[in-house]
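Okay, so here's the structure we're looking at.
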Amino acid sequence: MIIAVDGPSAAGKGTLSRRLAAHFGLVHLDTGALYRAVALAVLRAKGDPGDPDTCIAAAKALDRETLDDPEIRSERTAAAASKLAPIPEVRAVLLSYQRNFATRPPGEAKGAVLDGRDIGTVVCPDADVKLFVTASAEARAARRLKELRERGIEAISSHVLQDMKERDARDQARAVAPMVPAQDAIVLDTTDLDANAAFEKALEMIASRDVA
Ligand code: DC
């Protein structure tokens, strides 16, 4: 069983995906972490996340340890990830990793939940369930601000909202694998839902499709 979860940042994809994976006995892959890890490697080497050659080399040399580096969660890394994400060769390198994970999930798992931007459209177009999780930019910025403050990072609300809108625009406008709901995706708007309510709603939606 493959569940594809796409949508913009801070819409609740990650939490929902982890809970769905636990519920159905699947393994979870946060595909944004792959783009972030490449971005962090580029930044650490003082490279330019807009330069294709630098980013392609970093994607090819990506090591698993970078995926666990807490620094991949920083806003700086996130911004760099969305700058290198449009580079087709970077996407191609990461695509094979993601497809491998989906078709041959690690361990005894009987399937996988992948979350990202293009899972239902490009990475796993034959996924059994496709969810597109979204929320208003204001609600997402408020969540991100709370998360940053909980990590002890001071941030200005209007800047977080602005960064988020810029990132959404880049993710939606790129020529290769832009962030759009797959035609057969179920759209879940979490603006007024907490994590529990979003999970319950997703289970209801999945049950109504009769795939689980
Ligand atoms: O989900 P995230 O915020 O961790 O993703 C970081 C960036 O990576 C995002 O701005 C776009 C890119 N990304 C992508 O292009 N395709 C994916 N499947 C996942 C992430």
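For the numbers below, each heavy atom of this structure counts, side chains included, while hydrogens, waters and symmetry mates do not. Just follow the structure's listing: the first ligand is 1, and inside any ligand the first atom is 1.
At under 3.5 Å, not a single nitrogen or oxygen of Gln98, backbone or side chain, sits near a nitrogen or oxygen of ligand 1. Of the N or O atoms in Asp115, none lie within a sub-3.5 Å distance of an N or O in ligand 1. Not one N or O of Asp30 is nearer than 3.5 Å to an N or O of ligand 1, by distance alone.
The two atoms that bring Ala139 and Thr191 nearest to each other are CB-CG2, 4.0 Å, heavy atoms only. Val5 approaches Ile119 most closely through the heavy-atom pair O-CG1, 4.3 Å. Among all heavy-atom pairs drawn from Gly7 and Lys13, the shortest one is O-NZ, 3.1 Å.
Distance check, rounded to the nearest 0.5 Å: CG of Leu26 to CG of Leu114 gives 10.5 Å.
In this structure, Arg174 has a heavy atom closer than 4.0 Å to ligand 1. Residue Arg91 places a heavy atom under 4.0 Å from ligand 1.
With a heavy-atom cut-off of 4.0 Å, Asp171 touches ligand 1 through its side chain alone. When heavy-atom distances to ligand 1 are checked against a 4.0 Å cut-off, Ala85 comes that close only through its side chain, counted from C-beta outward. Contacts with ligand 1 closer than 4.0 Å are made by side-chain heavy atoms of Arg167 only, the backbone lying farther away.
Classification of Asp163 and Arg144 as a salt-bridged pair fails, no side-chain N sitting under 4.0 Å from a carboxylate O. With respect to the salt-bridge test (charged N to carboxylate O, under 4.0 angstrom), the residues Asp168 and Arg140 qualify. Ion pair Asp128/Lys110 not flagged as a salt bridge, since none of the NZ, NE, NH1 or NH2 atoms sits closer than 4.0 Å to an Asp/Glu carboxylate oxygen. Looking at Glu147 and Arg143, no side-chain N of the basic residue comes within less than 4.0 Å of a carboxylate O on the acidic one, giving no salt bridge. Here Arg44 pairs with Asp69 in a salt bridge; the nearest charged N to carboxylate O distance falls below 4.0 Å.
The ligand atoms of ligand 1 that sit less than 4.0 angstrom from a heavy atom of Arg36 are 2 (P), 3 (O), 4 (O), 6 (C). For ligand 1, the atoms lying closer than 4.0 Å to a non-hydrogen atom of Gly116 are 18 (N), 19 (C). The atoms of ligand 1 that sit less than 4.0 Å from any heavy atom of Ala81 are 7 (C). With ligand atoms numbered from 1 in the order given, ligand 1 contributes 10 (O) to contacts under 4.0 Å with heavy atoms of Ser82.
At the top of the distance list for atom 1 (O) of ligand 1, counting protein heavy atoms only, stands Arg117 NH1, 2.8 Å. Atom 8 (O) of ligand 1 has Tyr35 CB, 3.3 Å as its closest protein atom, hydrogens excluded (heavy atom only). Residue, atom and distance of the protein heavy atom nearest to atom 19 (C) of ligand 1 are Thr31 OG1, 3.4 Å.
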Stepwise, does the side-chain contact (heavy atoms from CB on, under 4.5 Å) test hold for Asp115 with His28?
CA-CA 8 Å; Asp115 81 76; His28 169 235; 2.6 Å; yes
